[in-house]
K.L.:
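Have a look at this one.
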Amino acid sequence: MAAWRSLVLTLFPEMFPGPLGQSLAGKALDKGLWALDVLDIRDFARDKHRSVDDTPFGGGAGMVMRPDVVDAALCAAKDGWTGRVQDGEEGSGRKAPVLYLSPRGRLLTQGLVRDLAAGPGVALLCGRYEGVDERVLEAHDVLEVSLGDYVLSGGETAALVLMDAVVRLLPGVMGNEDSPGEESFGEEGFEGLLEYPLYTRPAEWQGRAVPEVLTSGHHEKIRLWRRAQAEEITKRRRPDLWARYMKDRP
Ligand code: ADE
């Protein structure tokens, strides 16, 4: 199957691959386990000033990215995808979705990350200024995705976070040759719970000992201790996750 591919549309192409050129994601990129293409939205500006934004109708602060310019970039992005399909590359039959990173969007969860990793890839539209003209989002059936309830200065860092979360799930990237389909939030741990505390050598450090059970060699006791810790931490720190966990359990 063709490698998972992401195509980023941005006014700051030099921000990519950025941190994703390093470490696990970077090695996977070099090996062709995923692909990254970047389109500079400014290349699709048509006037002599190469302007990509204008003032908002109705007044207000800041600038809005123009629909005609963003549309031209999105059309070029979609042509790119079509070309690949016509080249006869095997795919899941699913079309890569166009995502717009925005605080208004659907929250990025591990579930959505898993869905995206299982598909052929994504096109990621990164906004700057106040945002993008609404009409072009409607016309291209764009899915808005948010990292959380805070405002970033642009979608680029959010796009990097999204790709990082997806790429680590791809087959071969973390040494997992098979797709880690069963993995969950709290992957090495317990489905739907925050991670239990981790310890390594030295067994005693600054007067603090590692919990005894972890050096007992008793695997079942260790598993039960870790689950109890994960439950306790989740209950205390994230009552929302805890409520969902309790509801989902038979
Ligand atoms: N762009 C600006 N703020 C954002 C957020 N919270 N999530 C995703 N994209 C954004």
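Predicted, not measured: the structure shown is a model, and the values here were computed from it. Read the numbers this way: they start at 1 and go in the same order the structure lists the ligands and their atoms.
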K.L.:
In plain terms, say whether Asp40 and Arg42 are close enough for a salt bridge, that is, a side-chain N and a carboxylate O under 4.0 Å apart.
P.N.:
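No, Asp40 and Arg42 are not salt-bridged.
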K.L.:
Within a reach of under 6.0 Å around CZ of Arg244, are more than 12 heavy atoms found that belong to other residues, nucleotides or ligands?
P.N.:
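No, CZ of Arg244 has 12 or fewer neighbouring heavy atoms, counting only those of other groups under 6.0 Å.
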K.L.:
Please step through side-chain contact (heavy atoms from CB on, under 4.5 Å) for the pair Phe12 and Arg128, ending with a clear verdict.
P.N.:
CA-CA 9 Å; Phe12 296 92; Arg128 282 273 153 176; 3.4 Å; yes
K.L.:
Can we say Arg5 and Asp37 salt-bridge, meaning some charged N sits less than 4.0 Å from an Asp/Glu carboxylate O?
P.N.:
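Answer for the salt bridge query: yes.
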K.L.:
Identify the protein atoms, limited to N or O, that lie within less than 3.5 Å of an N or O atom of ligand 1, and list each pair with its distance to 0.1 Å.
P.N.:
from	atom 1	to	atom 2	distance (Å)
ligand 1	3 (N)	Leu152	N	3.0
ligand 1	6 (N)	Gly148	O	3.2
ligand 1	6 (N)	Tyr150	O	2.7
ligand 1	7 (N)	Leu147	N	2.9
ligand 1	9 (N)	Ser102	N	3.1

K.L.:
Would Arg104 and Glu134 pass as an ion pair if we require N to O under 4.0 Å?
P.N.:
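Result for this pair is yes, salt bridge flagged.
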K.L.:
How about CG on Asp141, more than 12 heavy atoms from neighbouring residues, nucleotides or ligands closer than 6.0 Å, or not?
P.N.:
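Counting other residues, nucleotides and ligands, CG of Asp141 stays at 12 neighbours or fewer.
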